[in-house]
K.L.:
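First, the structure itself, so that you have it in front of you.
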2 protein chains.
Amino acid sequence: MNTTKRKRLEAKGWKVGSTADFLDLSPEEAAYVEVKLALSKRLQAARRGKNLSQEQLAQLLKSSQSRVAKMEAGDPTVSLDLLVRSLFALGTSRKTLARILG
Amino acid sequence: MNTTKRKRLEAKGWKVGSTADFLDLSPEEAAYVEVKLALSKRLQAARRGKNLSQEQLAQLLKSSQSRVAKMEAGDPTVSLDLLVRSLFALGTSRKTLARILG
DNA sequence: TGACTCAATGTCAGATATGACATATATTGA
DNA sequence: TCAATATATGTCATATCTGACATTGAGTCA
């Protein structure tokens, strides 16, 4: 996805609405965004399920509270890599990861 | 994963061997690497299945032949984001993606 | 009220990924 | 064999992501 489109999404606040809202996204781009959002949600759920604060999770990940917040908010500057590694760090299995995506 | 570990992996040529070879990887790191490798393999299979050269795929992705080669080789400098977006660009569905991971 | 914890958001310097390019090494077909 | 074509590998400037920090606001409890 190019930067232009990202900024547009960012401006629109694509973290909150349903993915169907995002106009003029190619199917590939939409799928990619959906995947990221699904992982975001799951990350938050996993963290809450373990009764961890964002700060605590940040320590576990050797990251920062603000980045955790951005991960959970579906911020466009958060990579899939970081989301996936964070989920693994929380004990999510490959199988579960697959379930999230499918 | 930190750079140090990455470089070690890179030096060892972690693209070729089985993932079990990679000593002293935490379970999370191993899972992450395995996921990337699985996607790499699938990308190459998908490309070949469509009888596309790396150069042709690169054009489709607006990337370059060398980066496609690195994606397929499981090069550590290739992000999950790029792999996933590339698979989507080749028509892979979310469901299929999930199957690759699970 | 005020002190405290948690989470959201903006910014930025440094780290990492990227496309592009050069070049080397297959692989293929005549 | 030769010459195309395909793929691998190294490098680099630029783009993007990252952790860290500051700040804000919301919620809780006494």
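None of the values given here were measured: they were computed from a predicted structure. So that the names make sense, note that chain A is the first sequence line, chain B the second, and so on, each numbered from 1.
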K.L.:
Under 3.5 Å, is there a donor on one side chain and an acceptor on the other for B:Gln54 and B:Gln65?
P.N.:
yes
K.L.:
Figure out the CD/C1' separation between A:Glu55 and C:dC4, and round it to whole Å.
P.N.:
14 Å
K.L.:
How many whole angstroms separate atom CZ of A:Arg67 from atom P of C:dT16?
P.N.:
14 Å
K.L.:
Look at the side chain of A:Ser86 and the backbone N and O of A:Leu82, then say whether any donor-acceptor pair between them is shorter than 3.5 Å.
P.N.:
yes
K.L.:
Go through D:dT7, D:dT18, C:dA8 for me and flag the one nearest to the A:Ala69 side chain.
P.N.:
C:dA8
K.L.:
Give the nucleotide from the list D:dT18, D:dA6, D:dA8 with an atom nearest to the side chain of B:Ser53.
P.N.:
D:dA6
K.L.:
Expressed in angstrom and rounded to an integer, what is the separation of A:Gln44 atom CD from C:dA7 atom C1'?
P.N.:
10 Å
K.L.:
Base, sugar-phosphate or nothing for B:Arg48? Non-hydrogen atoms, less than 4.0 Å.
P.N.:
nothing
K.L.:
What does B:Ser63 touch in the nucleic acid at a heavy-atom separation under 4.0 angstrom: a base, only the sugar-phosphate, or nothing?
P.N.:
sugar-phosphate
K.L.:
Could you tell me how far apart B:Asp75 (CG) and D:dT7 (P) are, to the nearest whole angstrom?
P.N.:
17 Å
K.L.:
Given D:dG19, D:dA6, D:dT9, which nucleotide is nearest the side-chain atoms of B:Ser66?
P.N.:
D:dT9
K.L.:
Is it true that a side-chain atom of B:Asp81 and a backbone atom of A:Leu80 form a donor plus acceptor pair closer than 3.5 Å?
P.N.:
yes
K.L.:
Which nucleotide in the list D:dA8, D:dC17, C:dA7 gets nearest to the side chain of A:Ser79?
P.N.:
D:dC17
K.L.:
Whole-Å distance between C:dT5 P and A:Asn51 CG?
P.N.:
17 Å
K.L.:
Distance check needed: D:dA8 C1' versus B:Gln54 CD, whole Å only.
P.N.:
8 Å
K.L.:
Give a yes or no answer on whether the side chain of B:Gln59 reaches the backbone of B:Gln56 with a donor-acceptor pair at less than 3.5 Å.
P.N.:
no
K.L.:
Of B:Lys41, B:Arg47, B:Arg42, which meets side chain to side chain donor-acceptor pair (under 3.5 Å) against B:Glu72?
P.N.:
B:Arg47
K.L.:
Can you see if the side chain of B:Arg47 gets near the phosphate of D:dT7 - specifically, an N or O under 4.0 Å from OP1 or OP2?
P.N.:
yes
K.L.:
Within the pair B:Gln65 and D:dA8, is there a side-chain N or O less than 4.0 Å away from OP1 or OP2?
P.N.:
no
K.L.:
What nucleotide, of C:dA20, D:dA8, D:dA22, holds the atom closest to the side chain of B:Lys70?
P.N.:
C:dA20
K.L.:
Grab the CD-P distance between A:Gln59 and D:dC21 for me, whole Å please.
P.N.:
13 Å
K.L.:
Please give, in whole Å, the distance from C:dT5 P to A:Leu52 CG?
P.N.:
17 Å
